[in-house]
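What follows is a short report on a single structure.
Within every chain, numbering begins at 1; the chains are lettered A, B, ... in the order of the sequence lines, protein sequences first and strands thereafter.
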Amino acid sequence: MTIEINVDRTVEHLGRGPLSRDEMAATVARDIPDGSFVNLGIGQPTQVSNHLSPSSGVVLHTENGMLGMGPVAEGDQIDPDLTNAGKIPVTELVGACYFHHADSFAMMRGGHLDVCVLGAFQVSEHGDLANWHTGAPDAIPAVGGAMDLAIGAKDVFVMMSLFAKDGSAKLVPTCTYPLTGLACVSRVYTEHATFLVGPDGVTVVETFGLTYDELATRLDVPLRRLEP
Amino acid sequence: MTIEINVDRTVEHLGRGPLSRDEMAATVARDIPDGSFVNLGIGQPTQVSNHLSPSSGVVLHTENGMLGMGPVAEGDQIDPDLTNAGKIPVTELVGACYFHHADSFAMMRGGHLDVCVLGAFQVSEHGDLANWHTGAPDAIPAVGGAMDLAIGAKDVFVMMSLFAKDGSAKLVPTCTYPLTGLACVSRVYTEHATFLVGPDGVTVVETFGLTYDELATRLDVPLRRLEP
Amino acid sequence: MTTIADTAAEAVAGIADGATVLIGGFGMAGMPVALIDALIDQGATDLTVVSNNAGNGDTGLAALLAAGRVRKVICSFPRQSDSYVFDDLYRSGRIDLEVVPQGNLAERMRAAGAGIGAFFCPTGVGTPLADGKETRTIDGRDYVLELPIRGDVALIGAHAGDRMGNLVYRKTARNFGPVMATAAATTIAQVTHVVEAGDLDPEAVVTPGIYVDRIVQVGQERA
Amino acid sequence: MTTIADTAAEAVAGIADGATVLIGGFGMAGMPVALIDALIDQGATDLTVVSNNAGNGDTGLAALLAAGRVRKVICSFPRQSDSYVFDDLYRSGRIDLEVVPQGNLAERMRAAGAGIGAFFCPTGVGTPLADGKETRTIDGRDYVLELPIRGDVALIGAHAGDRMGNLVYRKTARNFGPVMATAAATTIAQVTHVVEAGDLDPEAVVTPGIYVDRIVQVGQERA
C-alpha cells in the first residue's frame, strides 16, 4: 500500500444504514489522491468517476489504450473508435493520449498506475483476489484484463458487497473461487465497512451502520482495529 | 540465407585486378533485391548506399530509430537531431518514419530487416562473425549494435578485405577474435571473391583477378564451387 | 515491400488452411470486418484465431466462427453479452479455447515480433492460468514464463496507410493492431484512407511500413 | 503528476548519491545537456550512469565524468573518437564499465518499465558478453537470459512537453528517451518547448505523461 489513510483510528459511523452503491463509489473517490493515474474496472468501479472532480487532476487509464479518458459519450459524441474497456463509448479529455495494447499493459504491469479499482467475488485476509471465474463447470472462462490489473497498480482497491446473495462473507480467510492474483489487494470497500488487507491481515478503517464488534461477529477472518 | 544468388556456377572474372572498395560496394548493392529493408553498418558498408538507385525501392534502416534514411546531409541540411548510427548527419526521404530505440532493435531482433551489411575482422567458414573487439588487452570494449545486427537480419552480408595487413586470411576455419555472433553471416564480399558461408561451409560465387584454384591455395578453409 | 490491393479479396489471397490468424480489434473498434468477410469468401479453414474477443453478434469474427472455419480461439475474453456464436460452438465442443490474460496476449505477440524467446511475467502467478507453467522468483518477486505467440497472418484495421505501408490509427481503435502487425509473417491492413508517401507525419507513424505487406482501402467509414 | 520546473537546477533537485541515472541521447542527439550540467552543480556523486555512450568531448555526460561523479558506466559504446574523458578514467582504473549490446540495453530498460522480470534474448549468444549468463534453447534457437535495468532517475531530452507531462521528440533525437522514461522511478525531461495541455496531438504523443515527473524548458534551441 502506498496511499495513506485519512483517519488514525477505526471510525464507527452509526445512526445510519450501510452505504449505498453511490456512497461506496464516493468513498473510494475520496481516498484517491489528487493527480493520481487510475484505472477503474468494468462495472461498479466505473461509478467512481462520477465522484472525481476535474480539479482533482486524476487521470483515467483505460487498458484498451488511452490516458485521459472522459465521461461516457452521449448523442453526437458517440464514436465507435473510442470506447472504454467495457466497450462503452466514452470521450477524450484535453491532454489525453493513445497507445497500443502492449504499451498499455506495459504501463499497467510496470507499476505506473497509482490505483486500480476492481470488483470481486472474494478477497482473502492477505489480499488475494478472486474476481474472474466462479469455477462453475459450465461457465466459459474469460479473464480479460483482470489478472493484469490485479498485479499492476501500486494500490488495488476492491469495491464489493460484503456478503454474497447466499449470505456468505466475501472477505474470507482463503479464497475458494479461482484466483485472479496473489496478495495484490490493499483495500476493500464494502457497504458495511472499509478494510485494509495485506501481510498483517485485516484492519477495519470505518464501519457504516454497525459497530466494529458487530462486524467482527459476522466475518470469519480475524479483524484488527486501526490504532494511532 | 533467403536471397537467391544471380549465377548458377562459379564465375572467374579474370583479365582484371581485385575489386576496388567502390566496386565491392556496387557488388553488394547489385545483390540487394528491390524493395528490401536494409541496415548498412558503420564504415565501409555505408558506401553501398551510393549504388542503390531510388527506383530500387530499397528502404534504409538506422538503428538509432528511423526507416527511410536518406543520403548524408550537407550544408543547410545538417540537423543535429537527425544522424545515422555513426552519428553523421543524414537526411530524411519521403515516407520515412521515426521510432524509439527499443522499437528499433525489436524490429532488428525480430527478423524484419531483409539485409544487414557489416564489416568484419574475421568470418568463419560456417558464418561465425568477429567484428567488435580485437581482444587486445588495452582495448576499451565497445560493442554498439554489432551483436544485435549480427543476429537480426534475414541475411547478413559481410564486406571486408580478404586478408589482414599481416597477410593472414580473414575467412577462417574458426574465428580467433572474440565473437560477435554465431552462424549469422550468409555472404562475404571481398576484393578477390564473393563467398556463401553457412552450415555447408564455403562456396565461391565469383572471383576477381584470380582463378578459383589460385584462391583455394591462399585460404585455409575448404572451398566448393557453385554448381547448377 | 507493401502492395496496395484493389479489393479485400485480393488482400487475403493465399491464406492457407491451418493458418494462425491474428485478428485485431477490441470489440468492434479496430476490427477488420471487410478482411474477415473476404477470408470467409476465400475459404481457408481449420484456422487458429488469436484475438481479444471471440466475436460479437453475427458479423466480423463471429461470422468466421459461424462459418465453421476456426478450430481454436486464443483470446482473453470470449464471453460477452453478444458472443452467442462462440458460446454455442464452445458448449457443443466444436471449438478449442485458450484463455490468456489480456496483457499477456499483447506481450506474447510483442515478444514474437521483437525476437524474444520467452519472458518472465508477473501476471497470473498463483492462478489457474499459470498451471503447468515454469515459475521463478527474481529479485523477490514471482514470475511465470510465457512464450511468444506468432501469426502466419495478421488482419488489422487502421485509419490511414501510405504507399510505404506506414499506418496510423484512430483513438482506441489502435489497440492490438500495431502489436499484431509485428508478430505475423504476413500483415494485411484494411484502412479507411490510402494516402501518398509523405502524407503521414514521420513523427506520428505508429506502424512502420516494414511490418505491413498488403493494404486495402475499404471505403470512407466516416466523413 | 508532472511538475513544470522553472530551472534545470530545480528539476534535478534531490538526486541522491549512489543513484542509478539513465541518461538519454545517442551521441549528442537527444542528450539532456542542461540537466547534466545542473546535476554537476547539484553535486550528487558515486553515480551509476546508463547511457548509450560514455561522453563526447568535454560537455554533457563527459563533463559529469570529468567531475568525478560517476562510479560506473553501463553502455554499449564507450569508445569514440572524442571519448577521451572516459578513456582516461577507464585506463587509469577510476571507473567501472559494463558493456551491453545496444539493443539489449534498450530492451533491458524496456523490461524494467514493463514489469518483465527477465527475458530470453538471442543477441550475444556464444560471445564473451554472454559469459556466465543462463542460456536456453527454445523452439530450436539459442537465447541468453537478460535482466531488467532500472533507474532511480532518468534524464532525457525531448522536443515539446505539455502540462500533463506528455512528450514528443524530434527525428532521431527520440532514441532512448521514451524507453528510459518508463524505466526510472523519477523521470526528468528537458524540452525545447513547454506547451499547454491539448497542444499535442493525442495520436502523436510518444511518451505519455504518466512516465514524466518533471519538465523544464531549456530555451529555443532552433528557430
Nearest non-hydrogen partners of C:E203 and D:K171, listed with the distance: OE2-N, 2.7 Å
Flag if over 12 foreign heavy atoms under 6.0 Å of CG, C:D139: no
Positions in residues 106-120 of chain C that reach chain D, provided some heavy atom is under 4.5 Å away: C:E107, C:R110, C:G115, C:I116, C:G117, C:A118, C:F119, C:F120
Which residues share a salt bridge (Lys or Arg N to Asp or Glu O under 4.0 Å) with C:D46, sequence neighbours left out: C:R71
Chain C contact via D:D142 - side chain, backbone, both or neither, heavy atoms under 4.5 Å: neither
